[in-house]
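Order of the sequence lines fixes the chain letters, A, B, ..., with proteins taken first and strands second; residue numbering starts at 1 for each chain.
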Amino acid sequence: MDIGFEDGGAITRAAVVVLAWPGLAVLEEVVHREPTRFPYVPGLLAFRELPAALAAFSRLSRRPDLVMVDGQGIAHPRRLGIAAHLGLWLDLPTLGIAKKRLCGRHGEVPDTRGDWTPLLDGDEVIGAVLRSRVGVKPVYVSPGHRLSLASAVEWTVACLGRTKLPEPTRLADRLASRRGRKSGSGQT
DNA sequence: GCGACAG
DNA sequence: ATCTTGTCGC
């Protein structure tokens, strides 16, 4: 799942792409658009993007087994990033894959694809800074709801293609930001 | 008071 | 997030 915006932010666009396991074949895609009604405030991303995301999920003809979200899971000041928040509402296992750090600190990231270093907030491990692709900025992985950090990292690595972002998030990203095309929902 | 700050 | 041309590298 990922969110995009249109008209300079006036319209929020939620995209959900369902993939099969194993194989990662695309099974279904849904796009939901609605007026944006909350500003971007670091730490309060869910208030801005969750409404549209939930609407998109309600249009799904299937109930996913695991949800990957573009954003933080528990790697959040109050351990409630958008991935964790979405998991609570959907009552499904979720994990977050962010392209930037919101909070926490970490050492150098290994250069080997698949390797990672913990993201720490004091003594607490809140996520993993993973090298998803050599020579590219790492991604921030953190459990959202109902799964461990180890599992979050495993699923992320298992879904990696040749790009920085794992397939689920990469496809949702493309669908959420791609302009034109007919809006609404659809199946494949 | 001065930075930091997911998307 | 979004806008936006060219450019470097595999």
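Nearest heavy atoms, A/Thr163 versus A/Arg170: OG1-CD, 3.1 Å. In plain terms, the two heavy atoms of A/Pro168 and A/Met68 that are nearest each other are CG-SD, 3.6 Å. In terms of heavy-atom proximity, A/Thr36 sits nearest to A/Ile11 at OG1-C, 3.4 Å. Residue A/Ala84 comes nearest to A/Ile74 through the heavy atom pair CB-CG2, 4.4 Å, listed as atom of the first residue, atom of the second, then distance.
The only option from A/Lys99, A/Arg174, A/Lys100 that meets the salt bridge (Lys or Arg N to Asp or Glu O under 4.0 Å) definition with A/Asp70 turns out to be A/Lys99.
Taking a pair as Watson-Crick or G-U wobble with both distances under 3.5 Å, DNA chain B forms no stem of 3 or more consecutive pairs.
The 12-atom threshold is not exceeded at CZ of A/Arg37, counting heavy atoms of other residues, nucleotides or ligands nearer than 6.0 Å.
Taken to the nearest 0.5 Å, the CG atom of A/Leu44 stands 11.5 Å off from the CD1 atom of A/Ile82.
Here ring-ring contact (aromatic ring centres under 6.0 Å, His included) pairs that include residues 55-79 of chain A, with residues two or more places apart or in two chains, number zero. Contacts classified as ring-ring contact (aromatic ring centres under 6.0 Å, His included) and involving residues 99-138 of chain A (residues at least two apart or in different chains) are given here: A/His106-A/Tyr140.
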Quick test: give all pairs of protein nitrogen or oxygen and nucleotides 4-7 of chain B nitrogen or oxygen below 3.5 Å, distance rounded to 0.1 Å.
unit_1 : atom_1 : unit_2   : atom_2 : d
B/dC5  : OP1    : A/Arg101 : NH2    : 2.2
B/dA6  : OP2    : A/Tyr40  : OH     : 2.4
B/dA6  : N7     : A/Gly43  : N      : 3.1
B/dA6  : N6     : A/Gly43  : O      : 3.2
B/dA6  : N6     : A/Leu44  : N      : 3.4
B/dA6  : N6     : A/Leu45  : N      : 3.1
B/dA6  : N1     : A/Ile82  : N      : 3.1
B/dA6  : N3     : A/Gln72  : N      : 3.3
B/dG7  : OP1    : A/Lys99  : N      : 2.7

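Taking Ile, Leu, Val, Met, Phe, Trp and Tyr as members and joining any whose side-chain heavy atoms lie under 4.5 Å apart, directly or through other members, A/Leu160 forms no hydrophobic cluster with any other residue.
Contact check of residues 119-141 of chain A against DNA chain B (heavy atom, cut-off under 4.0 Å) returns no residues at all.
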